[in-house]
**Q** 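Just dropping this structure here.
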Amino acid sequence: MSVLSKAHMYDEAAAFKHVEGMLWADGPVCPHCGNCDKIYELKGVRSKPSKKNPEGVERHGLKKCAECRKQFTVRIGTIFEESHIPLHKWLQAIHLMVSSKKGVSSHQLHRVLEITYKSAWFMSHRIREAMRSDGGPMFGSGGGVVEVDETFIGQKHKKKEGARGYAHKNAMLSLVDRTTGQSKSFVVKDVTKATLVPILEANIAKEATVYTDEAKQYTGIGKHFADHDFTTHSKGEYGRGVVHTNTIEGYFSIFKRGMKGVYQHCGKQHLHRYAAEFEFRYNNRIANGVDDLCRANVALKGIVGKRVLYRDSLGA
């Protein structure tokens with residue numbers, strides 16, 4: 001049986017039951033007043049008639065709070081709120097995005113789900129927002145090893161003729177904790193010491209050992225942590241025993257293959273969400289004991305409180 005043949009992937013009522021089971025494990029909660037005791041289901045309610053649906057559409061998962069007397073569904077307060085796309089298509093999109101190692105383009109979602117390209121583009125950005133995680137434990141806690149490196153992607157502005165370096169590209173700093181197998185990425189304005197060191201101090205434990213390449217911005221960061229060592233790539237040195245940044249280079253290889261091969265172009269205002277997408281899949285991968293189904297459920301648990309409006313997604 002295919003994963004996409006499961007009931008919640010094609011049946012709207014089953015889709016609501018699936019999402020409710022994930023978000024309301026202890027029973028429904030009114031998003032308006034927080035009441036969870038006196039809530040009852042409204043069955044057989046249909047939307048207003050329209051030219052496309054003369055008899056209206058059945059409103060699945062509709063509930064009413066006995067305290068504040070307001071109606072709601074599990075969509076309220078999530079990335080699904082006020083979306084006209086059926087919930088089961090949202091679940092299909094989530095599964096496709098979390099199970100594709102290098103991502104799925106909005107054009108492919110538009111074709112597979114039979115929705116407009118504009119809807120598919122906005123849908124994918126909302127799913128990326130659900131994948132985004134804030135906070136979390138300090139990397140290298142307990143004396144672990146953290147690899148640090150930066151990469152460049154896309155283009156902030158046209159490169160001046162004869163100019164050298166990566167100043168015209170978008171910069172991203174990434175960390176990988178070898179012990180936990182977790183990654184974390186930050187879109188940064190530049191890769192100077194003044195920009196990078198505060199980020200490292202805020203996200204890496206003081207007892208950690210940090211490995212980098214020989215870039216000058218990492219000179220002297222050992223005073224902030226238990227130890228710091230580096231490899232000299234310019235001299236052909238890419239590993240010296242345990243001292244290397246090969247893990248994070250592998251992470252970047254997946255990220256860049258996806259960005260260049262699948263998405264092809266990304267404006268700086270959206271890069272943080274694409275970074276969150278690749279970070280999510282890396283942190284919730286098979287090597288960390290998370291398969292495709294579990295990964296979809298983890299993403300589903302992240303949909304609450306992350307509503308994104310279309311006008312906001314255009315510029316941030």
Side-chain angles (χ1 to χ4, degrees), residues 2-4 89-90 92-133 147-159 165-176 181-188 191 213 233 238 245-288 290-293 295-296 298-299 308 313-314 316:
S2 165
V3 172
L4 297 178
K89 288 195 175 186
W90 273 99
Q92 290 179 28
I94 289 174
H95 183 81
L96 289 171
M97 287 188 68
V98 303
S99 61
S100 302
K101 190 171 186 177
K102 298 176 184 68
V104 177
S105 71
S106 296
H107 268 296
Q108 187 170 346
L109 287 178
H110 139 68
R111 294 191 301 270
V112 172
L113 302 180
E114 297 183 332
I115 58 179
T116 66
Y117 170 68
K118 180 179 177 180
S119 295
W121 181 88
F122 186 33
M123 170 187 271
S124 62
H125 272 301
R126 285 197 273 186
I127 294 173
R128 289 185 189 102
E129 189 66 16
M131 294 176 176
R132 179 178 56 81
S133 60
E147 295 181 26
V148 178
D149 202 2
E150 73 286 337
T151 193
F152 301 89
I153 193 80
Q155 187 169 290
K156 288 190 292 187
H157 53 74
K158 190 174 181 179
K159 188 175 183 179
Y166 299 95
H168 65 293
K169 289 181 171 289
N170 299 312
M172 189 176 83
L173 172 72
S174 293
L175 324 175
V176 169
Q182 299 290 294
S183 67
K184 188 178 290 187
S185 297
F186 309 86
V187 178
V188 293
V191 292
D213 57 22
H233 292 175
Y238 291 93
T245 56
N246 296 337
T247 313
I248 200 164
E249 293 290 353
Y251 174 76
F252 283 150
S253 71
I254 297 171
F255 174 73
K256 288 196 170 183
R257 283 185 175 91
M259 293 302 294
K260 293 179 180 179
V262 177
Y263 298 125
Q264 299 181 16
H265 172 75
C266 170
K268 185 177 182 180
Q269 71 272 30
H270 302 304
L271 183 55
H272 65 292
R273 291 201 183 99
Y274 286 99
E277 175 188 352
F278 284 87
E279 178 185 307
F280 174 86
R281 282 196 296 265
Y282 185 85
N283 293 346
N284 296 282
R285 63 193 190 281
I286 289 292
N288 286 347
V290 185
D291 61 17
D292 289 348
L293 289 175
R295 198 177 306 117
V298 173
V308 180
S313 68
L314 293 174

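The structure displayed is predicted, hence computed values, not measured ones.
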**Q** Hey, is the main chain of T245 close enough, under 3.5 Å, to the side chain of D149 for a donor-acceptor pair?
**A**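 Side chain of D149 to backbone of T245: no pair is present.
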**Q** Between M123 and A93, which heavy-atom pair has the shortest distance, and what is it?
**A**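 What the structure gives for the nearest pair is SD-CB, 3.4 Å.
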**Q** Charged N to carboxylate O under 4.0 angstrom, E129 versus R126?
**A**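 The answer is no: the pair does not qualify as a salt bridge.
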**Q** Sequence neighbours left out, what passes side-chain hydrogen bond (donor to acceptor under 3.5 Å, both in side chains) with Y282? Give chain and number order.
**A**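 Partners of Y282 under the side-chain hydrogen bond (donor to acceptor under 3.5 Å, both in side chains) test: none.
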**Q** Under the side chain to side chain contact (heavy atoms under 4.5 Å, CB included) rule, collect the residues that match up with N283, sequence neighbours excluded.
**A**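 Listed in chain order: Q182, S183, E279.
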**Q** Is R273 paired with E277 through a side-chain N to carboxylate O contact shorter than 4.0 Å?
**A**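 Between R273 and E277 there is no salt bridge, as every charged N stays at least 4.0 Å from the carboxylate O atoms.
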**Q** Please answer whether the main-chain N or O of A276 pairs with a side-chain N or O of R128 as donor and acceptor at a distance below 3.5 Å.
**A**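 Not at all, since once roles are kept as given, no pair shorter than 3.5 Å links the two residues.
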**Q** Can you list the residues that meet the side chain to side chain contact (heavy atoms under 4.5 Å, CB included) rule with S119, with sequence neighbours excluded?
**A**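 Partners of S119 under the side chain to side chain contact (heavy atoms under 4.5 Å, CB included) test: I85, I115, T116.
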**Q** Quick one: side-chain hydrogen bond (donor to acceptor under 3.5 Å, both in side chains) partners of R285, sequence neighbours excluded?
**A**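 So R285 forms no side-chain hydrogen bond (donor to acceptor under 3.5 Å, both in side chains) with any residue.
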**Q** With sequence neighbours left out, write down each residue that passes side chain to side chain contact (heavy atoms under 4.5 Å, CB included) with L96, or none if nothing qualifies.
**A**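 By the side chain to side chain contact (heavy atoms under 4.5 Å, CB included) rule, L96 matches V104, L109, V112.
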**Q** The criterion is side-chain hydrogen bond (donor to acceptor under 3.5 Å, both in side chains); which residues satisfy it with K89, sequence neighbours excluded?
**A**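 With neighbours one apart ignored, the set is empty.
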**Q** Who pairs with D292 by salt bridge (Lys or Arg N to Asp or Glu O under 4.0 Å), at least two apart in sequence or on another chain?
**A**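 Partners of D292 by the salt bridge (Lys or Arg N to Asp or Glu O under 4.0 Å) criterion, ordered by chain and then number, come out as R295.
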**Q** What residues, two or more places apart in sequence or in another chain, satisfy side chain to side chain contact (heavy atoms under 4.5 Å, CB included) together with H110?
**A**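 Once residues adjacent in sequence are excluded, the partners of H110 under the side chain to side chain contact (heavy atoms under 4.5 Å, CB included) criterion are H107, Y117, A120.
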**Q** Can you sort out the partners of F186 under ring-ring contact (aromatic ring centres under 6.0 Å, His included), two or more places apart, ordered by chain and number?
**A**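 F186 satisfies ring-ring contact (aromatic ring centres under 6.0 Å, His included) with no other residue.
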**Q** Could you work out, with salt bridge (Lys or Arg N to Asp or Glu O under 4.0 Å) as the rule, every residue matching R111, not counting sequence neighbours?
**A**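 Once residues adjacent in sequence are excluded, R111 has no partner under the salt bridge (Lys or Arg N to Asp or Glu O under 4.0 Å) criterion.
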**Q** Under the side-chain hydrogen bond (donor to acceptor under 3.5 Å, both in side chains) test, which residues partner T151, sequence neighbours left out?
**A**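 So T151 forms a side-chain hydrogen bond (donor to acceptor under 3.5 Å, both in side chains) with K256.
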**Q** To the nearest 0.5 Å, what is the distance between CE on M97 and OG on S124?
**A**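 The CE atom of M97 sits 5.5 Å away from the OG atom of S124.
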**Q** Is a side-chain N or O of S105 found less than 3.5 angstrom from the main chain of Q108, in a donor-acceptor match?
**A**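 Confirmed, S105 side chain pairs with Q108 backbone.
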**Q** Roughly how far, to the nearest 0.5 Å, is OG of S99 from CZ of R281?
**A**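 Here the interatomic distance stands at 8.5 Å.
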**Q** For F278, what residues pass the ring-ring contact (aromatic ring centres under 6.0 Å, His included) criterion, not counting sequence neighbours?
**A**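 Only F255 meet the ring-ring contact (aromatic ring centres under 6.0 Å, His included) criterion with F278.
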**Q** Hey, what do you get for NZ (K102) to CE (M259), rounding to the nearest 0.5 Å?
**A**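 Between atom NZ of K102 and atom CE of M259 there are 14.0 Å.
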